[in-house]
Structure formats: C-alpha cells, structure tokens
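Here's the structure we're looking at; comments come further down.
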There are 2 protein chains.
Amino acid sequence: MGNRFPTGGKRVTIGDVAALAGVSKGTVSKFLGDGDYYIAEETRARIAAAVAELDFQPNAIAQGLVRRRTQTVGVIVASIANPVYPEMIAGIQAVLEERGFTLIIGSSEGRPEREAGIVRSMRQRQVDGIVMASVTMRDGEVAALVGDGLDVVLASRNLARGDLVDAVVVDNVAGARAAVEHLAGHGHTRIAHVAGPQDVVPFTQRRQAYCDAVSDAGLDADPDLVTVAEASTLEAGADAVRRLLALPEPPTAVFVGSDGMAIGALEHCARAGVVVPRDLAVVGFDNIWVGRMPGISLTTVDSHARDVGTRAAHRLLSRIEARWEGRSSPPPRPAAAETTVLPAELVVRGTCGCASDVPLRALAPSS
Amino acid sequence: MGNRFPTGGKRVTIGDVAALAGVSKGTVSKFLGDGDYYIAEETRARIAAAVAELDFQPNAIAQGLVRRRTQTVGVIVASIANPVYPEMIAGIQAVLEERGFTLIIGSSEGRPEREAGIVRSMRQRQVDGIVMASVTMRDGEVAALVGDGLDVVLASRNLARGDLVDAVVVDNVAGARAAVEHLAGHGHTRIAHVAGPQDVVPFTQRRQAYCDAVSDAGLDADPDLVTVAEASTLEAGADAVRRLLALPEPPTAVFVGSDGMAIGALEHCARAGVVVPRDLAVVGFDNIWVGRMPGISLTTVDSHARDVGTRAAHRLLSRIEARWEGRSSPPPRPAAAETTVLPAELVVRGTCGCASDVPLRALAPSS
DNA sequence: CTCCGGTAGGAAACCGATTTCCCATGGCCG
DNA sequence: CGGCCATGGGAAATCGGTTTCCTACCGGAG
C-alpha cells in the first residue's frame, strides 16, 4: 500500500515516476533539477513521459527540507487594511513571484508582541528572508535577527545605524519639509502637525522634520500645534484635528503624517463645517489612491509604496542569492547593509489652497 | 560538524535538544507534541530545560513533511490592490492565525492562467486548503480540484451547482435588486448598469439581477443601457459611464457593479461637469471604506467582505479538521458542500439623490 | 592488452522531525 | 512466585525529495 488515509487524492511521488520510467529516484531527481548530470537521451525521454503521464508535481515541502531553502519569503505589515500596504505588497509580489518565490504575509496590527510572534512563526516555516514594513520592533531586536543569519530587508523604515540591516525608505525628511514649506509658501504661519504613533520610525522622522522645517522657516513653533495620534487611522486623524481646532489659537494649516489620518481629518472638517482649504489647509503623506478622487483631492507627499516594495524585494533577493551562490567552502561574508532612499515628491491637489484642483470641488453644488 | 555552510546561524534541531537532555529524539518529540505519552516528571524537566537553553524552535518544514499537513492555507484574490480583498484577507487572517495557520496569498490579476499557476504552486507547497476569492476559473476546474482531494472554499463566488464546493457569498441578486428598486423609487425610469467583467461570477449575477429588476419594475429595458467594463477598475468605470452618457438618450441613474468602478464613474462625472446626483444618480456595490468619505458619499450595497472572509475561513477550517480527525480507518466521507449566503444591504448616502447625505457636499463651496 | 577518461545510472545517506514498535522495569494480583 | 499491566523511553522506519559516492561500460591512447 503506502499511502495514509486522510490524504484524499493519493499524491504521486518521485518514486512513482521512477518506477514507471524504470529508473531510480535519484535519476529522476537529476533529470528534474538543473544540475548538469549525464543522462542518456533515451532515458530522459522515458522520464519525461512518466512525469507527464502521472502529472508529477514535486513536493515543495520535501524539497525545502533537504535544500534548506523554501523559496518563500515573509512580509510583515502593520495592517493589511491600510491601503499603503497592499500597494507595497503588490510591488513585492510582482518581483518575487517572477523568480518563483511565494509570499507569506503577516499583519502585526501595530502590536509589537504580535510582530515577534509572526517572525517566530516565519522562521519556523523556514522562510528564506523577510521584508519588514513599518515595524515597531526595536532596533536591537531587528539587528539580532540578521545577526542570527536571517535575511531581512526593512521597507519604509530604517534603523539608526544604516549599516546593520538593509532598508528601502522614502525620504521622509525631505517630504515633510516640502509639505511644510509649501504651506508656508501660501502664507500660513500657524502650521500644525498630526503625527502618527511615535513607535513607528517614519512617523517620528516626519515629525522631527516638520519641527525643523517650522523653525527653519521662522514660523510659529508652538508645541501645542503638534499632536500625536494613537494610530494611523481615519478616526485617530479626525480626533487629532478636532483637538487642534479646539485650541485657543487654532492653526490655519496642518501637515498630517499619513493620508489615512489626513482623510479622517478631512472627514471631521466636513462634519464640523470647517471648510478645507479656506479654513484649514491640509497636506497628507503617502499618496494613497483615494486621495486623488475629486471629492477628496488631497495634497500629499508621495511615498512610492509600490516602488519601495519592488526595491525591497530586489534587495532581499540578491541577499538570498548571494548566500546560496557561495555554496563552495568560503563562509559567505555578508555584504554590508545599505539603505536606499527614494525621493519623496509633493503632489499638489486641492486641500492645500492652490487653485489647481479646487474647481472640481466647487463644481459640485447641492442638487 | 554536521551543519552545512550557507546556513548562517546554525539551527538547533531536536537532536541537539535530545543530546543535551540525555534522551532520544523520539522522547523529545513526544514531550513537545500533545499526544499522551508517559514521560517521567524528572525527564520532562530536563527536556524543558534543554529546550529553553537552546531556544529550540521546531522546523515546520520537517514537521509538515511527516505530518502531511502544513498548517498553511492559500488565499487567491483577483488583485490585492483592490480594497475589497485586503478587507476579506483581514477577516480570513483573523480566524486562521488564531488557530495557528499561516496564510500564503496569491494575486491572479484576473488572468485565469495565472490563477491556475498559483493553485499549482500552492498545492506543491502542500497547503492544507485554499480560499478562492472571486475566481475566474471555470466551474469544472474548480470542482476537479476538490475532487482531487483539496479542501477549497469559494469566497464571494459560487458555482452553478452549490453542492460541489463550499462557498460563502453575498446575496448579489437581492443586493442588485435593492439598488435598482431604490433608484426606481426616486422616479428614475432610465436606469443603466455598468457591469464588471463577465467571467467573474458575481458580476454576471449582479447584471442578471439588474435586468430582472428593471423588467419587473416595468422600466426602460434598453439593452444600450447595459455596458460591460473590461476590468473592475476606476478607469474602466469612468470609461463605461462616459459611454453611457454619450448615448442619444442617456440614463438618469446608473447601478454600477462595483465600488471601484462606481468611484471611477464619479471621477469621470466630476471631470465632465456632470453633477451627481442631479444629472446622474449612482449606486455602487461592495461598500469599500472610501465610499463613505464626505467628498464621495457613495450610495452602495454592502457586500460584507470581511464577514465573507471570516466565514470562509471557518468553513475551510472545519473541513480541514474533519479530514484529520477521522484519522482512524474510515476513509473520511466528505461532508456535503454548502453555500452560505449573506444578506446584502443597501447603504444609502449621497450619490443616489436621497437628501440624507448630500448636505456635506454642499457644505464645501469654493474657497 | 591495460589504463584512463567520459558517460550513465544505481544505492544509500541525509534533511528534521513524528510515530510505531519494542524492550525494560517494577508493583500488584492471583 | 510467576505473570501481567502500567510506566518510561530507546531504535528505527518514514515522509519525499536531493546529492554524494560508487560502479560499469565503452572507446581510444599508451
């Protein structure tokens, strides 16, 4: 017999192929693999026929066990529901699957302990590498991972020391600065900031850059103008802007640390009768697709999520391949980590007060 | 020695633990597993200590090989960038990972051949089951999969014969009908339909239901009023509505097969100076979060994506577990497939011409 | 006629677990 | 006092491949 009960359809193994072709398992394996072995043309044909007849599909689990690599990479995001990530995942997916890799994805929901759990689970599953997007893990823990021999690439987040772990990030500093300067250029002097959770590195960078830009431009550097949201969500954004507008001397413009929060802010303004951009100019960060909708028309900074994804994936791939190409004796001296910084451009639309896109909003009077 | 070169950090195996604890691998395995084996308290303690000291993490690949199950399920979506899917994935994720399952996801981008490729790859990776969301695969092929012993649950798509494959769907017929009837209730008689690609089952159902509802209500059943978009995207939606508006006798209302296309349609209207809902009332389908933004305020039908995800996941889990619980002799007679239909509710907002939500749009005059 | 290198393919070890089978004790019952 | 059952744990087969090692044949060179 051979096959257990609950298997349902009995899987065909390499042994079955070998038997049908009248050769040994080893030979079939050699035929299937890409190593250069001597196999007679006639034998090749017999094996090929057997493979075709049985519709043999190698068991990737068994392969993974012996090869010690699974052609699988893990992707950890903060929340799949946040539109930034699907975009990034699509980028990663595109390059990886072309190379025959499969993605397993985990969503930490912003909780560090879940993040650690996901990493553990991925390692147990022997992923060949991990793309960590916007993690909350502390620098030391991340560094420990790579020190431990795991290939990791950070996406849209970097460590203080850039030489420890590869990273692909957008230029948060330049982006935030561009946002603030653009608003200042409109004559605003009380420019507020809604910051995302400060355990997420990009949000701290954006906040810091905002502060620097504000003082560089000689604007009102009132600490009350900076408010930190407890999550990068619509609700938190709405709430943050509510607090800002309740200030004795409210801001006339606000730079929001993410589009999600910015759109929440817009929602709040609409509800509260605050007219954007007349009463409050708004600039977001990320350039998620929703922002370009006519009814929203959010001015924002493009964080090139998809691009970040593809670059991170390429970086990870080359690490993985480097590790395995040197399968001759020399223990692979890992290449130094590097951080790729993508430029961040301001995307001007209607919410900042430029004339450009506002008409579309004006075009929609009450019915 | 023992460990190969490129491993980086040498993994600790069950053998290492066994050696340290002074027992055999088998005993360690028995200790770790949940079967009820006799192990002396003192031995348990020694093993536990060894496990802790070495920080042993079992190799899931090796486990998968012998157990013939991987605690992994595949999810196939049409496009991860389409906001409906992340929502659904989040639902699936939530229930599966609580049970220790890992998700591997594949995006078919609507191309049937990629879909088949993804299924192949997932099977090779020995997934325990697959959730197929909105597939374009033909009924027969899907049925063949389950006939082949793979556990499959369809999400937001069902087969003509509901007893072949489990499915969790939303009530497309009732939803589409509600949309049409709502518009008819506003006095519209020329109600158009923008249908999604007709190789996607829900889109055909919605289209059919639209047709039925239109004739049942005695409205204008002009075939020109039905236009099929070649993809469920913003662009395709915009283009479709453009065609409708160019008709000699254009519609005054349109039911769009998905929110993505509906929002694209809205975008087109804004550009073209068509005022919604005055000149054209619009109702979408899906209720993606963007639609509730004040500047968009899309009336739509809720397709409960997240719910569909959690239900599909539960269904899949119970199938998987059924298969393995009966690990006694009797070949598991598979339970009959069933189709779960979730109700679809109309979500009334501003684009259909009800007074309810329009004020928000009116509140935003030009600056 | 041997020896050698190029072909061809089989046998078996191995990857890291799980699980079955089997062998020891030791205490209790008859 | 012998046998049996409840404990406790080791040895080895197994999962489905990959890869190393080894043998065998064949033709040509020495």
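Quick note on labels: first sequence line is chain A, next is B, and so on, each numbered from 1.
- One interatomic measurement links the two molecules: CG of B/Asp36 to P of D/dG9, which rounds to 15 Å at whole-angstrom precision.
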Give every pair of a protein N or O atom and an N or O atom of nucleotides 16-18 of chain C that lie under 3.5 Å apart, one pair per line with the distance.
{"from": "C/dG16", "atom 1": "OP1", "to": "A/Arg68", "atom 2": "NH1", "distance (Å)": "2.9"}
{"from": "C/dG16", "atom 1": "OP1", "to": "A/Arg68", "atom 2": "NH2", "distance (Å)": "3.0"}
{"from": "C/dA17", "atom 1": "OP1", "to": "B/Asn59", "atom 2": "N", "distance (Å)": "2.6"}
{"from": "C/dA17", "atom 1": "OP2", "to": "B/Ile14", "atom 2": "N", "distance (Å)": "2.7"}
{"from": "C/dA17", "atom 1": "N7", "to": "B/Lys25", "atom 2": "NZ", "distance (Å)": "3.2"}
{"from": "C/dT18", "atom 1": "OP1", "to": "B/Gln63", "atom 2": "OE1", "distance (Å)": "3.1"}
{"from": "C/dT18", "atom 1": "OP1", "to": "B/Arg67", "atom 2": "NH2", "distance (Å)": "3.1"}
{"from": "C/dT18", "atom 1": "OP2", "to": "B/Ser29", "atom 2": "OG", "distance (Å)": "2.4"}
{"from": "C/dT18", "atom 1": "O5'", "to": "B/Ser29", "atom 2": "OG", "distance (Å)": "3.4"}

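- To the nearest angstrom, C1' of C/dA8 lies 11 Å from CZ of A/Arg44.
- Proximity of A/Thr43 to the phosphate of C/dG9: a side-chain N or O atom is located under 4.0 Å from OP1 or OP2.
- For the pair B/Arg46 CZ and D/dG8 P, the computed distance is 13 Å after rounding to whole Å.
- No side-chain donor-acceptor contact under 3.5 Å links B/Arg125 and B/Thr72.
- With rounding to the nearest 0.5 Å, the separation of CD1 in B/Ile14 from NZ in B/Lys25 is 7.5 Å.
- Rounded to an integer number of Å, the gap from CZ of B/Phe31 to C1' of D/dG10 is 18 Å.
- Every salt bridge (charged side-chain N to carboxylate O under 4.0 Å, His left out) that B/Asp163 has, sequence neighbours left out, goes to B/Arg161.
- Five base pairs at each end of the helix from C/dC1-D/dG30 to C/dG30-D/dC1 define two local axes, and these are offset by 80° (rounded to 10°).
- Defined by atom type and a distance below 3.5 Å, a donor-acceptor pair is missing between the side-chain atoms of A/Gln93 and B/Ser107.
- In this structure, the side chains of B/Val165 and B/Met132 stay at 4.5 Å or more apart for every pair of heavy atoms.
- Contact annotation: A/Ser24 side-chain N/O to C/dG10 OP1/OP2 distance is under 4.0 Å.
- Remark: of the listed residues B/Gln71, B/Glu321, B/His314, B/Glu321 is the sole one forming a side chain to side chain donor-acceptor pair (under 3.5 Å) with B/Arg99.
- The interatomic distance linking A/Asp34 (CG) with D/dT19 (C1') rounds to 13 Å, in whole Å.
- Counting only residues at least two apart or in different chains, salt bridge (charged side-chain N to carboxylate O under 4.0 Å, His left out) contacts with residues 127-142 of chain B comprise B/Arg138-B/Glu141, B/Asp139-B/Arg157.
- Across the protein-nucleic acid pair, A/Ile39 atom CD1 and C/dG6 atom C1' stand 16 Å apart, rounded to whole Å.
- Evaluation of the salt bridge (charged side-chain N to carboxylate O under 4.0 Å, His left out) rule for B/Arg123 yields B/Asp148 as partners, not counting sequence neighbours.
- Between the OH atom of A/Tyr37 and the C1' atom of D/dC22 there is a distance of 14 Å, rounded to whole Å.
- Side chains of B/Thr340 and B/Arg315: no donor on one and acceptor on the other come within 3.5 Å.
- Using a 4.0 Å cutoff on non-hydrogen atoms, no part of residues 119-127 of chain A comes near DNA chain D.
- The backbone N or O of B/Thr136 sits less than 3.5 Å from a side-chain atom of B/Glu115, completing a donor-acceptor pair.
- Per the geometry, CD1 belonging to A/Ile47 stands 14 Å off C1' belonging to D/dT18, to the nearest Å.
- A sub-4.0 Å separation between OP1 or OP2 of C/dA8 and a side-chain N or O of A/Tyr38 is absent.
- Between A/Leu317 and A/Phe101 there is a side-chain heavy-atom pair separated by less than 4.5 Å.
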